[in-house]
Student: 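One structure coming up, written as structure tokens, with questions to follow.
All values below were derived from every heavy atom in this structure, side-chain atoms included, with hydrogens, water molecules and symmetry-related copies excluded.
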Amino acid sequence: MLRTRTTLAATLVVAALLAPTPARAEPAETGGDAIPTLTDEHGRVLTLRGWNVEDKANRGDAALSAITEKHFRDLRAKGFGFARLLVFWDDLEPRPGRYSQTYLRKIERILDWADKYDVKVLIDAHQDVFGPAFGHRGVPAWATRTDGLPFTPHPDDWFSEYFEPAVQRAFTHLYEDEDLRRAQARMWRVLADRFEDHPAVLGYDLINEPMGELREGEDLPTAARRIERDQLTPMYNRLADAVRSADRDAWVFVEPTPVVGEGVPTGLGRIDDPKVVYAPHFYNTGMEAGADYDPAAGWIESYEQAVTLYPKEYKVPVMVGEWGPLNNSLPNMNRFYREAMASLGRYTSGWAGYVWCYGGGYCAVDGTGAFRTNKELTAEPYAEAVAGTVRSAAYDSGAGVYRLSYDAAGRRGPRVTELSLPPGDWRITARGAALVLRKDRGRASILATPGARVTVTVTRD
């Protein structure tokens, strides 16, 4: 059970303390080699943990119909407060310049559900193998130019379709053709203008898993770094400007190519925006093909080493936008989840697993809503929002103990720290000048005296 030591007097002042002096939400100040953290509108340090939410099967009038209120109710009930919502340009703008108001209303309804359960949302402009011209979703067919190059489907290995000549040329035209650049920017202005004031929206992921065209003689890592440097960096600057023309406050998330999953440092350059988040994905080629985790290969270590270079150099937060193996029940997967969670906790401001659905494959839960094998290891106690400077935060999965140490904000800063708890009975204690307050939906709040050094411990009761 949540243990509280709240006095009546303290309860009466909580309402006032929950309305802190507004602060500009910028990356937290860091020094040396540290990676900045995400912050909310009050200046609290954020940790995002949740799942991708999608409907890839339905389009047109049926678009997004597979996403329901239940997704967000269940996310919060399992201890998650974040969702990466997949939206598709081909549904938003089925004909040039004609934006679907029906689709926008459907997105808004989903955001309303998220807000009801206090789930923050990242709106992701998703593409797989560019778009419907190649049998997938993303960039509209009218914005797909191939110069007549060939495309051969690979139904048993869809990712290899990225290396088909027609698909690679389509990416080149998207990055280089001025009219397509303008169309992509207009699409983002439409989204940002519609949802800038929605309380559930945290930010915008400008394009999912961007790829490009390899040149003769290039290996894949060399091509990826060139594409990231010469094409993705200017694209992200254009799209960030488009977002800012409508929304000045949301975070802008930028992805490298998926090649980063092989431990290849990105070639992305600086994105000239004050609220950029680096958002790589965390996939291993072998595991994506159904292989077991190989602890001796050192993949997690090499990925962490490579992926942290960019946020350290450019001083931006990092959030992993997708991760999770296809076959999560193999012998070494329990170890994988434990080691992956520990790694992600060291350097990210959070993550979105792939994917919150009810069934098999990548689904987080089965048809009854129960975690599938080893997926329960993603549900840990954590601090969603810390009102102050975090000194340390870690979960000991073996002991089942979460510890948070922070210096509370000063008198003009926010007061209340929010904890998220998985299902179960939890004991929460706070040392320092702080009170533990009970809150519903598997959450708890810590109310601290300005400037106090606080240590919070969460254990199963």
Student: Is it true that Arg189 and Asp193 make a salt bridge, defined as a side-chain N closer than 4.0 Å to a carboxylate O?
Tutor: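 The answer is no: the pair does not qualify as a salt bridge.
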Student: Is it true that Phe72 and Tyr117 have ring centroids separated by less than 6.0 Å?
Tutor: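 No, the ring centres sit 6.0 Å or more apart.
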Student: With a 3.5 Å cut-off and no angle check, do the side chains of Asp205 and His126 form a donor-acceptor pair?
Tutor: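 Distance-only check fails for Asp205 and His126.
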Student: Ignoring hydrogens, what is the shortest heavy-atom contact between Arg226 and Leu214? Give both atom names and the distance.
Tutor: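 Between these two residues, the closest heavy atoms are NH2-CA, 4.1 Å.
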Student: Determine all donor-acceptor pairs shorter than 3.5 Å in which one atom belongs to a side chain in residues 316-325; sequence neighbours excluded.
Tutor:
{"from": "Glu322", "atom 1": "OE1", "to": "Tyr283", "atom 2": "OH", "distance (Å)": "2.7"}
{"from": "Glu322", "atom 1": "OE2", "to": "Arg84", "atom 2": "NH1", "distance (Å)": "2.9"}

Student: For Asp177, what residues pass the salt bridge (Lys or Arg N to Asp or Glu O under 4.0 Å) criterion, not counting sequence neighbours?
Tutor: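 Asp177 satisfies salt bridge (Lys or Arg N to Asp or Glu O under 4.0 Å) with Arg145 only.
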Student: What's the shortest heavy-atom distance between Ala409 and Pro414, and which atoms?
Tutor: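 Nearest heavy atoms, Ala409 then Pro414: CB-O, 3.4 Å.
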Student: Looking at every non-hydrogen atom in both residues, tell me the closest pair between Asp407 and Arg453 and how far apart they are.
Tutor: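 For Asp407 and Arg453, the tightest heavy-atom pair comes out as OD1-NE, 2.9 Å.
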Student: I want to check something: taking the side chain as every heavy atom from C-beta on, are Thr378 and Phe80 in contact at a cut-off of under 4.5 Å?
Tutor: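 Yes, at least one pair of side-chain atoms sits under 4.5 Å.
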Student: Hey, do the aromatic rings of Tyr204 and Trp188 have their centres closer than 6.0 Å?
Tutor: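 Ring centroids of Tyr204 and Trp188 are less than 6.0 Å from each other.
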Student: Could you tell me whether Arg105 and Glu108 make a salt bridge, using a distance below 4.0 angstrom between a side-chain N and a carboxylate O?
Tutor: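 Answer for the salt bridge query: no.
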Student: Considering non-hydrogen atoms only, spot the tightest contact between Trp356 and Val365 and give its length.
Tutor: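 In this case the closest contact between Trp356 and Val365 is CH2-CG1, 3.8 Å.
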Student: Do Glu384 and Thr47 meet the criterion of a side-chain donor-acceptor pair at a distance under 3.5 Å?
Tutor: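 Looking only at side-chain atoms, Thr47 and Glu384 do not form any donor-acceptor pair under 3.5 Å.
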Student: With rounding to the nearest 0.5 Å, note down the distance linking CG in Asp33 to NZ in Lys312.
Tutor: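 Asp33 CG to Lys312 NZ: 4.5 Å, rounded to 0.5 Å.
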Student: Sequence neighbours left out, what pairs pass ring-ring contact (aromatic ring centres under 6.0 Å, His included) with at least one residue falling in residues 385-424?
Tutor: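 Found none.
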Student: Go through the side-chain N and O atoms of Asp40 and His42 and say whether any donor and acceptor fall under 3.5 Å apart.
Tutor: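 No.
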Student: Sequence neighbours left out, what passes side-chain hydrogen bond (donor to acceptor under 3.5 Å, both in side chains) with Thr285? Give chain and number order.
Tutor: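 Expected list: Glu262.
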Student: Under a 3.5 Å threshold, yes or no: a donor from one side chain and an acceptor from the other, between Tyr293 and Glu339?
Tutor: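 Yes.
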Student: Does the side chain of Glu209 pick up a donor-acceptor pair with the side chain of His281 at under 3.5 Å?
Tutor: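 Indeed, the side chains of Glu209 and His281 share at least one donor-acceptor pair under 3.5 Å.
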Student: By side-chain hydrogen bond (donor to acceptor under 3.5 Å, both in side chains), which residues pair with Arg215, not counting sequence neighbours?
Tutor: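 Arg215 satisfies side-chain hydrogen bond (donor to acceptor under 3.5 Å, both in side chains) with no other residue.
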Student: Between Leu232 and Leu268, what is the shortest heavy-atom contact and its length?
Tutor: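 Answer, listing the atom of Leu232 first, then Leu268: CB-CD2, 3.8 Å.
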Student: Which residues satisfy the side-chain hydrogen bond (donor to acceptor under 3.5 Å, both in side chains) test with Ser349, sequence neighbours excluded?
Tutor: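 For Ser349, no residue satisfies side-chain hydrogen bond (donor to acceptor under 3.5 Å, both in side chains) once neighbours in sequence are set aside.
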Student: Looking only at non-hydrogen atoms, find the nearest pair between Leu111 and Ala200 and report the distance.
Tutor: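 It is O-CB, 3.6 Å.
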